[in-house]
Structures are given as structure tokens and as C-alpha cells.
Amino acid sequence: MTSLLDGLNPEQLAAVTLPGQSALILAGAGSGKTRVLTTRIAWLIQTGQVSPLGILAVTFTNKAAKEMLTRLTGMLPINTRGMWVGTFHGLSNRLLRTHHREAGLPQLFQILDSADQLSAVKRLLKALNVDTEKFEPKKVQYFISGNKEAGLRPQQVEVFDPYTRRLVEFYAAYDEQCNREGVADFPELLLRSYELLARNDALRAHYQERFRHILVDEFQDTNRLQYRWLKQFAGAQSVLMAVGDDDQSIYAFRGAHTGNMNEFQRDYAGDNVIKLEQNYRSHGNILDAANALITQNQSRLGKNLWTAEGKGEPIRVYEAYNDQEEAGFIVEEVKALQREGTALMDMALLYRSNAQSRVLEHALFSAGVAYRVYGGLRFFERQEIKHALAYLRLLANPDDDGAFSRVVNFPTRGIGARTLEQLADAAQAGGTSLWQAARAKAPASKDSAKGLPGFVALMQAMQDATQGLPLPEAIEHVLHMSGLAAHYQAEKEGADRLENLNELINAATVFANDPEAMAELDEAGGPLASFLAHAALEAGDHQAGAGSDALQLMTVHAAKGLEFHAVFLGGLEEGLFPHEQSMNEQDGIEEERRLMYVAITRARRRLYLSHAQSRMLHGQVRYGIPSRFLDELPSALLKLVNARRMATASSAYHGDAAPASATRQRNTSPWRIGMNVRHAKFGVGVVVSVEGQGDDTRVQINFGGANGMKWLALEYARLEPA
DNA sequence: CTGCCATTCGTTTTT
DNA sequence: CGAATGGCAG
């Protein structure tokens, strides 16, 4: 019989079979992290150290949770049903449904995704007559979520100025609104679960007794609240294993707290730190480059990846004249690789920000190369799906004002802004929900299909018609009775949306036939509620059409956890990567460097890095200097794949793409836009613009990095061509 | 309740 | 430059 442990390297083996002690696993990129995690669980169960129900395994994404369960069932003939393997939010949802009474929530509480949360904030600010110029809804939302993720309720937020005081008031009013409506946003799921366990000794004791082994994936991405959440489940006899890589922490901007790794060491692991440094993904040169780069970071726990494989090819570096030419080069290389037999699917174009995909897409489209862009709207975030779900939410919970507002006049049934304002006032005065106010104000009348009475009648009819029906059939009724189906049928561009609505019925059918999902029905409060929770917690795929051989385009963030035979990383210029907004932030550069590290370590065999002397940004040409990250890579590992050309020589590539700057050069000075210069104090930079004549000539130079943009008077500044 | 124009604003994103 | 709002007129 083959053992679970076959083929593990010594460090992996040590991590998998660590006896009953907590440990921190520092798992480098491509070091078999998921394998260790799942094998550990399987080993614990197989050796009888714990029952499947004694495991608590937490991940960040649904994808990771599913992957873990799939691999687990492949290793052991166990029933994963009832096992606590899931995301922080998914498991919180489960806990809160089970103990909704103790948590002070209705059983059918609805989950607000970020967009729903933003509408809820807007609605609140409107009701409070707040000037949204002064208090932007986005900022208010960010404030509320940020505090929740730090574990702070309104009373606990420190107030040191009137502006913050106001924000705290909004936070408090927002929470009241959510409670009144019976809804919970994403951070609320976590905070509420945390508070439930922190306050309820019996419940906490129960779960601590149950979970003997707690395992956390991507620990470097946890925020403060998530760590506190975990600690509630950890009892005196619990064994914790946190797996993470501080070098791949790229989500500080959304609250990830790398300090959790140090705290975890202090609280649980002590000296039990196992480093997984053998990389099974990339060739040596790629790893050497990644290592050299990341050692520039001051704050890290320290790790060095190595591989048993050879050095492989050098990293190719390309300097383009502009962004279009950069795209042209990439497309040519992609086609060449494709001819050599690399599948498009196994190549990726990575970039720092989504805006960069445009030029690449254009070039790919012109060249007839199939590609797929990740990111953008996901299935359950589409307008028509949101509308349909809002009807369903209203059926499950009539007090959900957010859902009510969304569909009361969609499709339009002649309910104007004035009516709604009156309704909102009535609801506020009576302390009721919009639905209750509507019912009081406009009792359903049979003959009026329009107006508020029509809507009240509609909802009641819908309630009756869907009562007791299986989920997919109920949804079909809702789509037709609400008029959504007819509305999109009539719309010129509605075909896709109609198709999506049908897809929603499909999704419900699949969901209703999924024994996993159905097993939790009782605690979830019925099929409708659990389907709605599923829709909110798992927004679905970004795009359909997977499987076909297409080049993959995505941000570096989106590429985390993936690997490709060949990786192209473009836009390596100061201000873009590292992004200029990060330069001001605390530890911003270090996070950008980790991002670069993530990008490099995605490549198995071939890595291209490119930058452009100029690129179109915000409608104007911007001149950039090469990213500092290029300088931080050992030049012995790099191969420059183009002879350094003067700007003028580039016309050979794109005769029609003459720089806009040429027309702006209306002076006679020897300094040209785009040329490299050296300044005694500021170092090497690029001339960005030139103004004035003769002695009055001033030039603007981008020195990048700490020096940034500078205007220099030629009369005084001593510049020399570089 | 559309549709049109003006204005604004441009990182990264999962749940 | 171009998307994405938001306000206002019809």
C-alpha cells in the first residue's frame, strides 16, 4: 500500500507529521504548500489522531477550500460532509445560521456583498441628509469595513477629531440599519461570529472541545479580526498550523496584517517554524532572480528558494520605445513560443494595473491571438442577476430595504422618486421597513397592476405562487411574474442578460441537487436562504469559456497561486511598478517588491520583463524610467533582447506611431523629450518636457524613485546626456 | 423615466 | 484617453 507520505521531502514530511504541537509553516512559492496542508489533514485522520469532525481548516477563497476538499477525498475514503473546511466568511455564515438566536440575527438574515453594502451606505447617508461631497459614500464604507476588520464597534473607535466623530455616528447608524433590515455585510459575518464566541462561554467551550486541529492557509493574508476569530476556536488542547509566506503578502492594502505571523509564533508556535524552501516550479535563474529581489526587503522572516533543476534560460529583458511597441514585441514572442509548441493557455501576460491590458488586447486582437482577460464582472454581480436575487431576497425577508429599493420600480411600474421619498419618510416615522410602510400605505388592489398597490399585490402573489415550490421553479415564477424576463426580452441588447437569467435557474438546479449544499439546509434556514447565501459568498466565475486554448491576461495580484510555462511582465517603470501611489505609503515599496516577487515566481521556464520609454497614460504621453526592480536583479541572470535604440530609430517598428512629443518640441535647446540625462545630485532621469528659450529654458525631468519629478532651469542646473 | 451631456477620475481585490 | 457617474432637460 502506498503511503500518504510517499514523495514528501524532509521538510514537508516534518510539517505533515508534526506531533501534537502548533507550528508555523513558511511555505515559499511553489514549495507544495497545498499538498502539505491536505496531506497533514489526511494523515491526522488516517492515524486516528482526530476525527474528520475535529478538523477546522480555513482558507481565503472558495477555490482553495474546494481544492482542499477535492484532494482530501482523493487521499482518503472519507465523507467530508459536516467537516469544517471553508473560507472565513463561509464558516462564519454557518456558525451564525446555526446560532442565529444567540447572535441576535434573524435566521434568514441576508448577506450584503460590497456593492450591496455601498448602496446601503448611500441609502443611509441620504436618509440622514448628509452632504455626500463632504462624506463620500465610498470613504464611509471603507471606514466602516476597516473598523469592523480591526474588530472595533462604533463605541470602541477612537475619536480624535470632529470628522471622525461624524464617521463613527454613521457607522453606528449603519449598524442599526442593518439590524433593522436583518442583513449582514462581509466583515459583519466575521465580527459577529467572533463576538458570539467571545461572549458565550458555553458555546466557545463547545467548539474548542471539538476542534482539535486548526489549520489556516495563506496566513499572511489574514487581518486582525480573522486572527482573533481563529483564537476563539483554539482551546488549550488545540493544535494549530498556520501556513503562509510573508514574502507573498500583497494584500496589506485591504487590511492583511503580516504581524499576525509574528504574533502567531509568540502565541502558539514558538520555535516550531518549518521552512519549505525547495521549489518544484521554476528553473534556477528565475528563482535566483526572485531571491535576489526579495532580500532587498527589510522586514521579512527570511527564506531562500532553491531547486533541484538546472539554471535554465536567462531572463529576457526588453526595452521598448513605447507601450504599443512593447505590446508588439510581446505578441511576436507569444507567437514564436506557440510555434515552438507551447500552448497559449500556458503563457500569461501580467501587469500591475488593469488599464495596461487595453494596449495588449488591441495588439493581440489585431494579430489574431486568442486571449482571455481575468477580472471584471462575475456572474452573481451582474445587474440582471442582482435584480432577480433582490426579488428572492424580498421573499425571504420582506424587511430587506436594500432589496426593496432595488426592485420596487424595476422593471418600471410607474413608481417615481416622489412616491419613494414619501414611503421612506413613512417608514422612518413609523420605525418600520419600506415593505411594511408600502403595505400600510397602499393595500394591494386586484385591479391596479401599476403603482405601489400593484407592487404590493405582485409580491403577495409571488409569495403565494412560490410557496413550497422547488427552488428552480420558484425562480422561474419570480422571473416571469416580476416582469424581468419580459423586460430583457423587449430590450435590444437584452439577449445576453436573458441568457444569464436562464443560467441563474440552472445554477439553482445544480445547487438544489448538490448534496453538500443541501446537507446544511436545516441550519441555513431552507433552500432559498442557503442559495442566496451561496450567491453572496461565492460570486461565481469571472467569465465562462474556460478550457479553450487562450493566452491568459491578468494582474499580478490575480496571478498569485498560479503558474505558467512562460510569463511576460510588462510596464516595469517607476510610477507604474512600483506604483507611484505606493511610494508614499508606509512600507509601500516593500509590498510592491513582494508583488514583483510573486510575478517572477509564476514562471516555470521562461520569463520576460519589459518596460517602455514612454506610454500613454490618462490621455497623455508619459515618460518613465526603468523600474528599480530591474536594477535589483543580478545582471548575470538577465539577457537584454534588444539593442538599445535611440528614440528616433524606433520608426522602423511603428512608423505611424510617431510620438506626440515630437510636435511639442517647439524649442531649439539640445534637450529632447524622452532623452536620458544625468544630474550630479539626482542621478539619471528622463526629460519629460521642455519650456522656454535660451537662458530661460526649463526642463522637467523624471528621476524616479525618491527624487521624482523635478523642474530644472538649464541656466543653473548642470545636466549631461546619460 | 429615458437619454444626453458634463464632469470627474483614474492601484491592487476576496469574501 | 475613455469609463463611469451624476445632474438635468425633454
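Per chain, numbering begins at 1; letters A, B, ... match sequence-line order.
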Between atom [atom1] in [X] and atom [atom2] in [N], what is the gap in whole Å?
X	N	atom1	atom2	value
A:H89	B:dT13	NE2	P	17 Å
A:D113	B:dT13	CG	C1'	13 Å
A:F379	B:dT14	CZ	P	18 Å
A:E218	B:dT13	CD	C1'	14 Å
A:M554	B:dT11	CE	C1'	18 Å
A:R94	B:dT15	CZ	P	17 Å
A:R413	B:dT2	CZ	C1'	17 Å
A:K560	B:dT15	NZ	C1'	14 Å

(message) By a 5.5 angstrom centroid cut-off and a 30 degree plane limit, is there stacking between A:H579 and B:dT11?
(response)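 Stacking is present between B:dT11 and A:H579, given that their ring centres fall under 5.5 Å apart and the planes under 30°.
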(message) Applying the 5.5 Å / 30° rule, does A:F60 stack onto the base of B:dT14?
(response)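 A:F60 ring does not meet the centre or angle cut-off for B:dT14; no stack.
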(request) Could you tell me whether A:R594 sits above the aromatic face of A:Y597, with NZ or CZ closer than 6.0 angstrom to the six-membered ring centre and within 45 degrees of the axis? (result) no
(request) Please confirm whether A:R615 makes a cation-pi placement over A:Y623, using NZ or CZ under 6.0 Å from the six-membered ring centre and within 45° of the ring normal. (result) no
(message) Taking the ring centre of each residue, are A:Y194 and A:F88 less than 6.0 Å apart?
(response)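 Centroid distance A:Y194-A:F88: not below 6.0 Å, so no.
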(request) Decide if the gap between the ring center of A:H611 and the ring center of A:F577 is smaller than 6.0 angstrom. (result) no
(request) Could you tell me whether a side-chain N or O of A:N322 sits under 3.5 Å from a main-chain N or O of A:E325, the two making a donor and an acceptor? (result) yes
(request) Select one nucleotide: of B:dT2, B:dT11, B:dT15, the one nearest the side-chain heavy atoms of A:F186. (result) B:dT15
(request) Side chain of A:T61 only, please: which of B:dT11, B:dT14, B:dT13 is the nearest? (result) B:dT14
(request) Using chain A heavy atoms and a threshold of under 4.0 Å, write down where along DNA chain C the contacts begin and end, 5' to 3'. (result) C:dC1 to C:dG2
(message) Which is more 5' along DNA chain B, the nucleotide nearest A:H487 or the one nearest A:A539? Just name the residue.
(response) A:H487
(request) Could you say whether A:T555 or A:I415 is positioned toward the 5' end of DNA chain B, judged by the nucleotide with the nearest heavy atom to each? (result)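 Result: A:I415.
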(message) Tell me if B:dT11 is syn or anti. Syn = glycosidic torsion within 90° of 0, anti otherwise.
(response)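 Here the answer is syn: the torsion falls within 90° of 0.
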(message) Could you tell me if the side chain of A:S299 sits less than 4.5 Å from the side chain of A:E590, heavy atoms only?
(response)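 SC-SC contact between A:E590 and A:S299 confirmed.
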OP1 or OP2 of [N] versus the side-chain N and O atoms of [X]: is any pair under 4.0 Å?
X	N	value
A:S353	B:dG10	no
A:N354	B:dT11	no
A:N62	B:dT15	yes

Heavy atoms under 4.0 Å, any strand shown: does [X] hit a base, just sugar-phosphate, or nothing?
X	answer
A:E592	base
A:Y251	sugar-phosphate
A:E585	base
A:R352	base

(message) Ignoring hydrogens, what is the shortest heavy-atom contact between A:A599 and A:L569? Give both atom names and the distance.
(response) CB-CD2, 3.7 Å
(request) Taking atom C1' in both B:dT13 and C:dG2, compute the distance separating them and give it to the nearest angstrom. (result)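 Looking at atom C1' only, B:dT13 and C:dG2 are 22 Å apart.
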(request) Can you tell me, in whole Å, how much space there is between the P of B:dT12 and that of C:dA3? (result) 15 Å
(request) For residues 350-366 of chain A, pull every pair meeting salt bridge (Lys or Arg N to Asp or Glu O under 4.0 Å), keeping only residues two or more places apart or in separate chains. (result)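 The answer is A:R352-A:E592.
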(request) Evaluate whether atom CD of A:Q422 has more than 12 neighbouring non-hydrogen atoms of other residues, nucleotides or ligands under 6.0 angstrom away. (result)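 More than 12 heavy atoms, drawn from other residues, nucleotides or ligands, come within 6.0 Å of this atom.
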